[in-house]
Engineer: 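Dropping the structure in here first, questions after.
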Amino acid sequence: MEHDPFKWGRPDNATYGDYDYRISNAKNTEFPSMHTQQPIVTGTSVIAIKYKNGIVMAADNLGSYGSLARFSNIERLIPVGKDTVVGISGDISDLQYIERALDELEVENDYDGASHPFKANHIHEYLNKLLYQRRSKLNPLWNAVVVAGINSDNEPFLAHNDLLGVQFSSPTLATGFGAHLAIPLLRKVADKEEDVAHVTKEQAREAILQSMKVLFYRDARSSNRFSLVTIDKDTGISFEKDLKVENMSWKYAETIKGYGNLQKF
Amino acid sequence: MFRNNYDSDAVTFSPTGRLFQVEYALEAIKQGSAAVGLTSKNNAVLVALKRNAEDLGSYHKKVIKIDDHLAIVLAGLAPDARVLSNFLRTKAMESKMLFNRPISIQKAANLLADKAQQNTQSYGSRPYGVGLLIIGYDESGSHLFEFQPSGNVLKYKANAIGARSQGAKTFLEKNFESFDDLNDAELIKNGVEALRQTLKDSELSTSNTTIAIVGKDGLKIYEDEDVEPFLEQVTVEEEGGDDDAQDGSGDERMEEDGAAQ
Amino acid sequence: MTSIGTGYDLSNSIFSPDGRNFQVEYAAKAVENAGTSIGIKCEDGIVFATEKLVSSKLLVSGANKRIQTIDRHIGVVSSGLVPDGRHIVNRGRQESKSYKGIFKQPISIPQIASRLGNYVQVYTTANSVRPFGISTIVGGHDSQGYHLYMIEPSGVYWGYQGIAVGKGRQSAKSELEKLKLPGIKVKDAIKEAAKIIYTAHEDFKDKDFELEMSWISEEFTNGRHEFVPEDLLAEAKKYAEEDEDEDDEDDEDDEDEEMAE
């Protein structure tokens with residue numbers, strides 16, 4: 001028998017001649033190194049809106065592999081501490097990486113006693129630094145991230161962050177298709193920061209549900225199953241999981257003109 | 001004379017489990033001039049005595065600002081304190097950079113403790129020869145910590161380090177229970193009074209006294225003529241509160257105090 | 001002591017002719033002179049308690065925690081050199097983080113005990129470092145249930161149902177044996193742990209102390225390591241103090257009997 005373990009599992013020298021080590025030492029010389037060029041398994045829109053006392057945010061549970069609805073149970077709303085929920089769209093493996101990074105952050109923050117919990121603005125700052133650092137290494141985390149929660153002044157906080165390290169804040173936020181389809185609907189409820197004071201939790205929730213329905217109608221990478229979270233500065237975080245888009249209508253749109261059967265070429 | 005074989009490095013335990021090199025490092029703190037730290041609910045204060053090596057020399061800096069909410073005062077080897085404060089400044093900046101929030105005082109203290117511990121467990125490096133009082137204000141309020149070269153860091157209501165600090169400690173032990181509700185000026189006054197207990201032949205002056213105070217509005221460090229109001233205030237209070245007839249300047253009075261101790 | 005004067009006790013990692021490493025034994029002396037810490041494994045959880053000796057009344061009571069957390073599900077308490085206790089916990093945190101990074105799940109308690117045991121052992125094998133001057137109790141909850149371990153300065157570690165280290169370990173151990181472990185509930189163990197620390201404090205009668213306790217329980221802390229809440233701690237202290245009074249009476253009786261004999 002062959003007693004050198006390094007020679008095990010290789011073609012037998014006696015039969016095939018000496019192993020050509022150039023094979024195992026070969027390098028792919030076409031590219032110096034390769035980083036993420038595209039997302040693989042993806043999650044679609046995250047949508048969120050501020051109301052007087054907090055924020056409502058939602059994201060569906062689908063993980064798409066291209067156009068294939070590959071996973072139907074992906075949770076994309078990630079709680080961080082008692083005041084923050086991070087909603088993530090884009091690459092799901094990068095989502096999981098961010099999830100672990102945030103979990104580690106929480107554990108490490110408690111090393112020096114639990115008297116300095118992270119607030120939503122701290123988490124947003126950290127994620128921005130993480131995403132920007134990765135894009136500067138030309139190895140981005142392929143996500144758009146919405147940070148929703150309560151900030152260090154105990155006020156509702158809502159901010160956006162993406163794979164380029166771009167950050168901004170608005171009373172209504174949506175990623176992906178939601179930025180086109182949901183934002184106009186949400187802005188009907190809260191257009192500017194000063195409108196937020198007049199928006200109730202119920203109005204905000206209704207606007208989110210309506211937007212999730214429109215997104216399911218129009219976004220071919222969405223599903224009708226979703227999670228919704230309400231972050232209230234008085235009552236804290238409350239999750240609603242396994243929600244379904246309801247009261248849909250798939251009737252023939254006979255009164256709609258301009259496309260379909262009346263389309264003139 | 002008995003020769004102690006167990007005190008030549010920091011990696012040798014004595015038969016009773018002591019580390020003499022570390023204990024000697026603690027002695028280095030007492031070579032430094034005194035510093036006092038004290039806290040109320042809303043403020044933390046440092047009052048320190050500066051030394052000058054010769055009459056024509058400048059006074060040695062005692063208080064080092066770390067961040068807008070955090071400062072230290074040193075007693076012992078000043079260069080060691082500079083190493084530690086540079087380290088702490090880096091960590092304070094890291095917290096601002098990553099999270100846009102000021103570093104917590106407890107964390108700052110723990111970081112120093114862990115850095116000092118390393119020098120007590122390996123050959124080739126010596127323990128730090130400096131003691132620190134750390135004051136700061138963060139979301140959980142005002143804080144005071146004492147740092148020792150052994151890697152011990154403890155949270156205090158009030159404390160003093162450096163030469164003849166026992167006098168200040170005795171004063172603080174007598175009075176600290178009333179500190180919680182004091183305003184900033186009253187707290188400083190108690191600090192100055194505590195520091196005065198450490199004096200022997202000298203007196204507090206604008207050139208040898210440093211005062212630092214931190215609260216929700218940030219850190220303020222008073223040096224030179226800026227400390228004058230606080231020194232005057234104490235003197236005036238004493239004159240008013242003391243039954244002994246006071247004549248002449250505050251300086252003379254302080255000499256009496258010195259002799260009384 | 002036969003060790004002194006032979007020269008074999010002056011450096012770590014040196015064997016004496018009869019095969020002993022005196023520096024490790026001296027490190028153990030540092031533990032024997034320190035406040036007592038105990039760990040109890042219960043049917044439904046783990047309880048830690050420690051006798052925190054209070055060196056000054058200026059210290060902030062309730063601050064300066066001695067029991068630490070390695071990860072959410074792992075608690076640690078050590079007796080001996082306090083800074084060494086922070087060192088080993090920092091290492092434990094690194095190990096836990098590295099394990100999580102590779103296996104994407106929390107490290108098990110036997111794993112962390114083994115890794116820390118190995119780490120401590122390395123500090124007995126080189127003359128460039130000194131051994132850890134602590135005995136460390138590690139306990140936690142994982143997929144296999146509750147576990148309790150104790151690591152000695154030599155790197156030796158065993159699993160325990162109940163363990164005590166520090167100056168009062170003898171009396172604490174004999175009290176632990178009376179509990180018939182592990183047939184005890186955490187809620188009862190909290191009270192018994194407090195009582196045991198109060199009993200063990202007899203060995204440090206002349207010093208003030210503060211009782212610090214933490215626990216891990218699926219039912220009460222969701223499997224996390226947390227400090228015992230104020231109300232339970234107060235209840236446990238009351239139980240311990242009541243019992244201490246009884247014991248004092250018993251002691252007096254015992255003395256009478258002894259004299260009669």
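To find a chain, count down the sequence lines: A is the first, B the second, and so on, and within it residues start at 1.
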Engineer: Can you confirm whether more than 12 heavy atoms, excluding those of Y99(C), are under 6.0 Å from its OH atom?
Structural biologist: yes
Engineer: For each of Q68(C), K65(C), K100(C), tally heavy-atom pairs with chain A at distances under 4.5 Å, and name the one with the top tally.
Structural biologist: K100(C)
Engineer: Salt bridge or not for R72(C) and D103(A), using N-O below 4.0 Å?
Structural biologist: yes
Engineer: Which residue pairs pass the salt bridge (Lys or Arg N to Asp or Glu O under 4.0 Å) test when at least one of the two sits in residues 138-153 of chain C, sequence neighbours left out?
Structural biologist: none
Engineer: Kindly determine whether E108(A) and K97(C) satisfy side chain to side chain contact (heavy atoms under 4.5 Å, CB included), including the steps that lead there.
Structural biologist: CA-CA 10 Å; E108(A) 286 179 11; K97(C) 186 178 177 178; 3.0 Å; yes
Engineer: Which value, rounded to the nearest 0.5 Å, describes the distance between Y111(A) atom OH and D71(C) atom CG?
Structural biologist: 6.5 Å
Engineer: Quick test of your reading: applying ring-ring contact (aromatic ring centres under 6.0 Å, His included), list the pairs with at least one residue in residues 66-95 of chain C, sequence neighbours left out, ordered by first then second residue.
Structural biologist: H87(C)-Y119(C), H87(C)-Y123(C), H87(C)-F132(C)
Engineer: In terms of heavy-atom contacts, does CZ of R70(A) have more than 12 from other residues, nucleotides or ligands at under 6.0 Å?
Structural biologist: no
